[in-house]
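Heads up: the structure comes next, in C-alpha coordinates.
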Amino acid sequence: MAGKISEIEVFVKVVETGSFTAAADALHLSPSAVSKIIARIETRLGLPLAVRSTRKLRLTTEGEDYFARGKQILKDISSLERGVKESAGQVGGVLRVSCNVPFGLHCVTPLVPGFLEAYPEISLEFSLSDSTADLIGDGIDVAIRTGVLTDSTIRARRVVASPRRVVASPTYLGKHGVPTEPRDLLKHNCLTLGFSRSYGKWPFRIEQDGIPTQLDLAVTGNLSLDNGESLRRFALDGVGLARLSEFHIGQDLKAGRLVSVLDTFNPGDREPVSIIYADQSPLAPRIRAFIDYLARHIVS
(Lines give C-alpha, C1' and ligand atoms only; values in the text may rest on other atoms or scores of the structure.)
Protein backbone atom coordinates (compact mmCIF):
# COMPACT_ATOMS: atom_id res chain seq x y z
CA MET A 1 0.00 0.00 0.00
CA ALA A 2 2.83 2.41 0.84
CA GLY A 3 4.28 1.86 -2.64
CA LYS A 4 0.96 2.58 -4.30
CA ILE A 5 0.57 5.79 -2.30
CA SER A 6 4.02 6.89 -3.49
CA GLU A 7 3.00 6.12 -7.10
CA ILE A 8 -0.17 8.17 -6.71
CA GLU A 9 1.93 11.07 -5.42
CA VAL A 10 4.15 10.85 -8.50
CA PHE A 11 1.18 10.78 -10.90
CA VAL A 12 -0.50 13.74 -9.19
CA LYS A 13 2.73 15.72 -9.33
CA VAL A 14 3.12 14.95 -13.05
CA VAL A 15 -0.37 16.28 -13.75
CA GLU A 16 0.09 19.35 -11.54
CA THR A 17 3.42 20.31 -13.09
CA GLY A 18 2.43 19.33 -16.62
CA SER A 19 5.50 17.21 -17.43
CA PHE A 20 7.61 14.30 -16.32
CA THR A 21 10.72 16.48 -16.12
CA ALA A 22 9.12 19.09 -13.84
CA ALA A 23 7.63 16.36 -11.62
CA ALA A 24 11.01 14.63 -11.44
CA ASP A 25 12.68 17.88 -10.31
CA ALA A 26 10.01 18.49 -7.67
CA LEU A 27 10.26 14.95 -6.30
CA HIS A 28 14.05 14.67 -6.62
CA LEU A 29 13.76 11.78 -9.04
CA SER A 30 15.09 11.21 -12.54
CA PRO A 31 12.68 11.69 -15.49
CA SER A 32 13.18 8.03 -16.40
CA ALA A 33 12.17 6.95 -12.89
CA VAL A 34 9.00 9.03 -13.13
CA SER A 35 8.24 7.55 -16.56
CA LYS A 36 8.66 4.00 -15.23
CA ILE A 37 6.34 4.69 -12.27
CA ILE A 38 3.56 6.00 -14.53
CA ALA A 39 4.04 3.05 -16.86
CA ARG A 40 3.79 0.68 -13.87
CA ILE A 41 0.47 2.23 -12.81
CA GLU A 42 -0.94 1.93 -16.31
CA THR A 43 0.22 -1.69 -16.61
CA ARG A 44 -1.40 -2.59 -13.32
CA LEU A 45 -4.67 -0.88 -14.32
CA GLY A 46 -4.55 -2.20 -17.87
CA LEU A 47 -5.38 1.16 -19.45
CA PRO A 48 -3.65 4.46 -20.30
CA LEU A 49 -3.95 7.45 -17.98
CA ALA A 50 -2.39 10.05 -20.26
CA VAL A 51 -1.47 10.66 -23.85
CA ARG A 52 2.07 12.03 -23.98
CA SER A 53 3.95 14.02 -26.56
CA THR A 54 7.25 15.88 -26.43
CA ARG A 55 5.52 19.11 -25.39
CA LYS A 56 2.14 18.20 -23.98
CA LEU A 57 0.45 15.84 -21.55
CA ARG A 58 -3.25 15.11 -21.99
CA LEU A 59 -5.17 13.00 -19.53
CA THR A 60 -7.58 10.30 -20.66
CA THR A 61 -10.99 10.12 -18.99
CA GLU A 62 -9.63 7.41 -16.72
CA GLY A 63 -6.57 9.56 -16.04
CA GLU A 64 -8.73 12.50 -14.98
CA ASP A 65 -10.64 10.25 -12.59
CA TYR A 66 -7.39 8.76 -11.22
CA PHE A 67 -5.95 12.23 -10.72
CA ALA A 68 -9.03 13.57 -8.91
CA ARG A 69 -9.33 10.57 -6.60
CA GLY A 70 -5.59 10.30 -6.07
CA LYS A 71 -5.34 13.95 -5.08
CA GLN A 72 -8.16 13.48 -2.57
CA ILE A 73 -6.45 10.41 -1.12
CA LEU A 74 -3.23 12.34 -0.61
CA LYS A 75 -5.19 15.19 0.97
CA ASP A 76 -6.94 12.77 3.33
CA ILE A 77 -3.63 11.17 4.34
CA SER A 78 -2.13 14.58 5.06
CA SER A 79 -5.16 15.53 7.13
CA LEU A 80 -5.02 12.22 9.00
CA GLU A 81 -1.35 12.61 9.92
CA ARG A 82 -1.81 16.25 10.91
CA GLY A 83 -4.74 15.31 13.15
CA VAL A 84 -2.85 12.48 14.83
CA LYS A 85 0.15 14.73 15.40
CA GLU A 86 -2.00 17.49 16.90
CA SER A 87 -3.84 14.96 19.09
CA ALA A 88 -0.56 13.45 20.26
CA GLY A 89 0.67 16.89 21.24
CA GLN A 90 -2.09 17.05 23.84
CA VAL A 91 -1.38 15.24 27.10
CA GLY A 92 -4.42 13.00 27.11
CA GLY A 93 -5.76 9.57 26.26
CA VAL A 94 -5.72 6.20 27.99
CA LEU A 95 -2.56 5.40 29.98
CA ARG A 96 -2.03 1.79 31.11
CA VAL A 97 0.32 1.40 34.06
CA SER A 98 1.41 -1.78 35.86
CA CYS A 99 3.20 -1.83 39.20
CA ASN A 100 4.09 -4.41 41.85
CA VAL A 101 1.87 -4.34 44.92
CA PRO A 102 4.24 -2.99 47.63
CA PHE A 103 5.68 -0.09 45.67
CA GLY A 104 2.33 0.63 44.07
CA LEU A 105 0.47 0.81 47.38
CA HIS A 106 3.04 2.74 49.37
CA CYS A 107 4.66 5.03 46.78
CA VAL A 108 2.64 5.32 43.56
CA THR A 109 -0.99 5.21 44.69
CA PRO A 110 -0.60 8.33 46.89
CA LEU A 111 0.63 10.23 43.81
CA VAL A 112 -2.23 9.26 41.51
CA PRO A 113 -4.74 11.97 42.60
CA GLY A 114 -2.19 14.74 42.04
CA PHE A 115 -1.19 13.31 38.66
CA LEU A 116 -4.81 13.12 37.45
CA GLU A 117 -5.44 16.65 38.69
CA ALA A 118 -2.40 17.88 36.76
CA TYR A 119 -3.44 15.99 33.60
CA PRO A 120 -7.25 15.82 33.57
CA GLU A 121 -7.37 14.59 29.96
CA ILE A 122 -5.57 11.35 30.86
CA SER A 123 -7.62 8.27 31.72
CA LEU A 124 -5.47 6.01 33.92
CA GLU A 125 -5.79 2.23 33.98
CA PHE A 126 -3.66 1.25 36.99
CA SER A 127 -2.90 -2.41 37.70
CA LEU A 128 -1.32 -3.60 40.95
CA SER A 129 0.18 -7.08 40.60
CA ASP A 130 3.33 -8.89 41.61
CA SER A 131 3.26 -10.77 38.31
CA THR A 132 5.68 -9.42 35.73
CA ALA A 133 3.78 -7.49 33.05
CA ASP A 134 4.47 -8.07 29.37
CA LEU A 135 4.62 -4.52 28.03
CA ILE A 136 3.83 -5.41 24.43
CA GLY A 137 1.66 -8.47 24.93
CA ASP A 138 -0.45 -6.91 27.69
CA GLY A 139 -0.68 -3.48 26.07
CA ILE A 140 1.08 -1.79 29.01
CA ASP A 141 2.43 1.74 28.45
CA VAL A 142 4.51 1.94 31.63
CA ALA A 143 5.54 -0.64 34.23
CA ILE A 144 7.30 -0.09 37.54
CA ARG A 145 9.60 -2.90 38.63
CA THR A 146 11.85 -3.54 41.58
CA GLY A 147 15.12 -5.40 41.41
CA VAL A 148 17.79 -5.71 38.73
CA LEU A 149 16.44 -5.51 35.18
CA THR A 150 17.52 -8.14 32.67
CA ASP A 151 15.41 -7.35 29.60
CA SER A 152 17.59 -5.38 27.18
CA THR A 153 14.71 -4.70 24.77
CA ILE A 154 13.01 -2.16 27.04
CA ARG A 155 13.97 1.32 28.14
CA ALA A 156 14.26 2.10 31.83
CA ARG A 157 14.59 5.03 34.18
CA ARG A 158 15.63 4.35 37.76
CA VAL A 159 13.66 6.43 40.25
CA VAL A 160 14.89 5.14 43.59
CA ALA A 161 17.28 2.66 45.21
CA SER A 162 15.86 1.74 48.58
CA PRO A 163 17.87 0.29 51.51
CA ARG A 164 16.75 -3.04 52.93
CA ARG A 165 16.35 -3.78 56.62
CA VAL A 166 15.63 -6.78 58.81
CA VAL A 167 12.55 -5.91 60.86
CA ALA A 168 10.09 -7.37 63.31
CA SER A 169 7.17 -6.14 65.38
CA PRO A 170 7.67 -5.12 69.02
CA THR A 171 5.29 -7.97 69.90
CA TYR A 172 7.49 -10.58 68.22
CA LEU A 173 10.69 -9.19 69.74
CA GLY A 174 9.08 -9.05 73.18
CA LYS A 175 8.23 -12.77 72.97
CA HIS A 176 11.36 -14.11 71.29
CA GLY A 177 14.09 -11.61 72.08
CA VAL A 178 16.12 -9.24 69.93
CA PRO A 179 18.82 -10.85 67.74
CA THR A 180 22.19 -9.24 68.42
CA GLU A 181 24.24 -10.89 65.67
CA PRO A 182 23.23 -12.48 62.34
CA ARG A 183 23.54 -16.13 63.40
CA ASP A 184 20.97 -15.48 66.15
CA LEU A 185 18.43 -15.57 63.31
CA LEU A 186 18.92 -19.33 63.06
CA LYS A 187 16.89 -19.53 66.28
CA HIS A 188 14.17 -17.18 64.98
CA ASN A 189 11.20 -17.48 62.67
CA CYS A 190 12.22 -15.71 59.44
CA LEU A 191 9.57 -14.98 56.85
CA THR A 192 10.72 -15.32 53.23
CA LEU A 193 9.53 -14.84 49.70
CA GLY A 194 9.04 -18.29 48.23
CA PHE A 195 9.17 -17.47 44.53
CA SER A 196 12.95 -16.93 44.57
CA ARG A 197 15.56 -19.03 46.35
CA SER A 198 17.77 -15.96 46.68
CA TYR A 199 15.32 -14.52 49.20
CA GLY A 200 16.06 -17.47 51.50
CA LYS A 201 19.54 -16.06 52.10
CA TRP A 202 19.94 -12.74 53.89
CA PRO A 203 23.26 -10.88 53.43
CA PHE A 204 25.13 -9.35 56.35
CA ARG A 205 28.45 -7.57 56.77
CA ILE A 206 30.58 -9.22 59.43
CA GLU A 207 34.23 -9.25 60.42
CA GLN A 208 36.18 -12.46 60.01
CA ASP A 209 39.74 -12.44 61.33
CA GLY A 210 39.51 -8.65 61.38
CA ILE A 211 38.53 -8.50 57.70
CA PRO A 212 35.08 -7.21 56.62
CA THR A 213 33.26 -10.09 54.93
CA GLN A 214 29.77 -10.67 53.59
CA LEU A 215 27.82 -13.48 55.17
CA ASP A 216 24.91 -14.87 53.18
CA LEU A 217 22.88 -16.50 55.90
CA ALA A 218 20.34 -19.19 54.95
CA VAL A 219 17.36 -18.30 57.14
CA THR A 220 14.34 -20.49 57.78
CA GLY A 221 10.82 -20.09 59.07
CA ASN A 222 7.37 -21.59 59.02
CA LEU A 223 5.87 -19.18 56.48
CA SER A 224 6.91 -18.45 52.90
CA LEU A 225 4.96 -15.95 50.80
CA ASP A 226 4.67 -14.94 47.17
CA ASN A 227 4.46 -11.17 47.60
CA GLY A 228 6.09 -8.46 49.66
CA GLU A 229 2.90 -6.87 50.98
CA SER A 230 1.77 -10.11 52.62
CA LEU A 231 5.27 -10.44 54.08
CA ARG A 232 4.90 -7.00 55.64
CA ARG A 233 1.45 -7.79 57.01
CA PHE A 234 2.62 -10.98 58.76
CA ALA A 235 5.65 -9.17 60.17
CA LEU A 236 3.29 -6.52 61.58
CA ASP A 237 1.16 -9.30 63.08
CA GLY A 238 4.18 -10.62 64.99
CA VAL A 239 4.58 -13.88 63.08
CA GLY A 240 8.31 -13.45 62.44
CA LEU A 241 11.16 -11.33 61.13
CA ALA A 242 11.28 -10.11 57.54
CA ARG A 243 13.79 -8.37 55.30
CA LEU A 244 12.09 -5.54 53.42
CA SER A 245 12.91 -2.32 51.59
CA GLU A 246 12.53 1.01 53.32
CA PHE A 247 10.07 2.32 50.73
CA HIS A 248 7.80 -0.49 51.89
CA ILE A 249 8.14 -0.15 55.66
CA GLY A 250 9.27 3.46 56.17
CA GLN A 251 6.00 4.55 57.75
CA ASP A 252 5.87 1.43 59.94
CA LEU A 253 9.37 2.17 61.28
CA LYS A 254 8.47 5.80 62.01
CA ALA A 255 5.29 4.76 63.80
CA GLY A 256 7.04 2.04 65.80
CA ARG A 257 4.90 -0.73 64.31
CA LEU A 258 8.12 -2.39 63.12
CA VAL A 259 11.61 -2.26 64.60
CA SER A 260 14.82 -2.53 62.59
CA VAL A 261 17.35 -5.03 63.99
CA LEU A 262 20.97 -5.97 63.23
CA ASP A 263 21.63 -2.55 61.71
CA THR A 264 25.35 -2.71 62.49
CA PHE A 265 25.57 -5.79 60.25
CA ASN A 266 23.57 -4.26 57.39
CA PRO A 267 25.56 -4.74 54.14
CA GLY A 268 24.14 -1.53 52.68
CA ASP A 269 22.56 -3.15 49.64
CA ARG A 270 19.70 -1.33 47.98
CA GLU A 271 16.69 -2.48 45.98
CA PRO A 272 16.46 -0.54 42.71
CA VAL A 273 13.08 0.62 41.46
CA SER A 274 12.76 1.47 37.78
CA ILE A 275 10.12 2.81 35.42
CA ILE A 276 10.21 0.77 32.22
CA TYR A 277 8.56 1.32 28.87
CA ALA A 278 8.78 0.02 25.32
CA ASP A 279 11.58 1.36 23.17
CA GLN A 280 9.71 3.90 21.06
CA SER A 281 10.69 7.31 19.82
CA PRO A 282 9.25 9.79 20.34
CA LEU A 283 7.32 8.87 23.48
CA ALA A 284 3.63 9.70 23.57
CA PRO A 285 3.14 12.84 25.72
CA ARG A 286 0.95 10.97 28.25
CA ILE A 287 3.75 8.42 28.83
CA ARG A 288 6.40 11.10 29.13
CA ALA A 289 4.19 13.08 31.54
CA PHE A 290 3.71 10.09 33.85
CA ILE A 291 7.38 9.12 33.88
CA ASP A 292 8.47 12.67 34.63
CA TYR A 293 5.81 13.09 37.33
CA LEU A 294 6.93 9.96 39.18
CA ALA A 295 10.59 10.87 38.84
CA ARG A 296 9.89 14.32 40.38
CA HIS A 297 7.79 13.11 43.29
CA ILE A 298 9.40 9.84 44.36
CA VAL A 299 12.34 10.77 46.55
CA SER A 300 15.25 8.37 46.95
Side-chain angles (χ1 to χ4, degrees), residues 97-112 114 128-130 143-149 156-173 178-182 184-185 188-196 198-206 212 214-217 219 221 223-276 291 293-300:
V97 176
S98 173
C99 185
N100 73 342
V101 176
F103 196 80
L105 282 177
H106 296 274
C107 299
V108 180
T109 300
L111 300 178
V112 167
L128 287 178
S129 173
D130 283 322
I144 302 161
R145 292 183 183 166
T146 56
V148 178
L149 301 176
R157 179 172 177 177
R158 182 174 292 190
V159 290
V160 69
S162 183
R164 293 183 175 102
R165 296 185 182 277
V166 177
V167 297
S169 71
T171 300
Y172 176 88
L173 296 175
V178 179
T180 58
E181 65 99 8
D184 286 348
L185 295 177
H188 282 268
N189 195 38
C190 298
L191 312 179
T192 59
L193 290 170
F195 58 81
S196 173
S198 64
Y199 284 99
K201 289 186 177 182
W202 292 356
F204 295 96
R205 180 67 65 184
I206 63 171
Q214 179 162 308
L215 168 68
D216 292 321
L217 187 69
V219 297
L223 184 59
S224 181
L225 299 142
D226 67 354
N227 69 87
E229 183 59 18
S230 294
L231 197 67
R232 169 182 169 268
R233 290 303 317 174
F234 281 109
L236 287 168
D237 289 341
V239 177
L241 295 115
R243 190 168 189 267
L244 296 165
S245 293
E246 276 192 11
F247 75 74
H248 196 176
I249 54 171
Q251 294 302 315
D252 297 321
L253 291 172
K254 288 180 181 178
R257 293 187 294 266
L258 290 175
V259 177
S260 180
V261 300
L262 300 173
D263 288 342
T264 56
F265 300 95
N266 193 310
D269 63 319
R270 291 172 174 263
E271 182 171 27
V273 181
S274 304
I275 304 170
I276 67 169
I291 293 172
Y293 191 88
L294 257 60
R296 287 196 307 270
H297 289 85
I298 293 177
V299 181
S300 177

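Throughout, residue positions are numbered sequentially from 1 according to the sequence presented.
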> Which atoms form the tightest heavy-atom contact between Ser169 and Gly238, and what is the distance?
Replying inline: OG-CA, 3.2 Å
> Listed by chain and number, what are the ring pair (Phe, Tyr, Trp, His ring centres under 6.0 Å) partners of Phe265, not counting sequence neighbours?
Replying inline: none
>> For Glu229 and His248, which I'm curious about, is there any donor-acceptor pair between the side chains at under 3.5 Å?
In response: yes
> Would a distance-only check, ignoring hydrogens and angles, find a side-chain to backbone donor-acceptor pair under 3.5 Å from Arg270 to Ala161?
Replying inline: yes
> Ignoring hydrogens and geometry, is there a side-chain-to-backbone donor-acceptor pair from Ser245 to Glu271 under 3.5 Å?
Replying inline: no
> Do you know the tightest heavy-atom contact between Asn266 and Arg164?
Replying inline: ND2-O, 2.9 Å
>> Give me the atom names and distance for the closest heavy-atom approach of Leu128 to Gly104.
In response: CD2-CA, 3.5 Å
> Of all residues at least two apart in sequence or in a different chain, which pass the side-chain hydrogen bond (donor to acceptor under 3.5 Å, both in side chains) check with Thr171?
Replying inline: none
> Less than 4.5 Å apart, any side-chain heavy atom of Pro102 and any of Asn100?
Replying inline: yes
>> Could you go through Arg243 and Asp269, starting from their C-alpha distance and side-chain angles, then the distance that decides it, and tell me whether this counts as salt bridge (Lys or Arg N to Asp or Glu O under 4.0 Å)?
In response: CA-CA 12 Å; Arg243 190 168 189 267; Asp269 63 319; 2.6 Å; yes
>> Please find the pair of heavy atoms, one from Ala235 and one from Leu191, that lie closest to each other, and give the distance.
In response: N-CD1, 3.9 Å
> Parallel, tilted or perpendicular: which describes the rings of Phe247 and Phe103, with under 30° parallel and over 60° perpendicular?
Replying inline: perpendicular
> salt bridge (Lys or Arg N to Asp or Glu O under 4.0 Å) between Asp216 and Lys201: does it pass, once the steps are laid out?
Replying inline: CA-CA 6 Å; Asp216 292 321; Lys201 289 186 177 182; over 6 Å; no
> Which of these, Val239, Asn189, Val178, sits in a side chain to side chain contact (heavy atoms under 4.5 Å, CB included) with Tyr172?
Replying inline: Asn189
>> Could you report the tightest heavy-atom contact between Pro179 and Leu262, atom names first, then the distance?
In response: O-CD2, 3.5 Å
>> For a quick test of reading the model, state the closest non-hydrogen atom pair linking Leu193 to Ser224 and the distance between them.
In response: C-OG, 3.9 Å
>> Val261 vs Leu241, test: side-chain contact (heavy atoms from CB on, under 4.5 Å). Steps then yes/no.
In response: CA-CA 9 Å; Val261 300; Leu241 295 115; 3.8 Å; yes
>> Does any part of the side chain of Arg205, heavy atoms only, come nearer than 4.5 Å to the side chain of Pro212, both counted from C-beta?
In response: yes
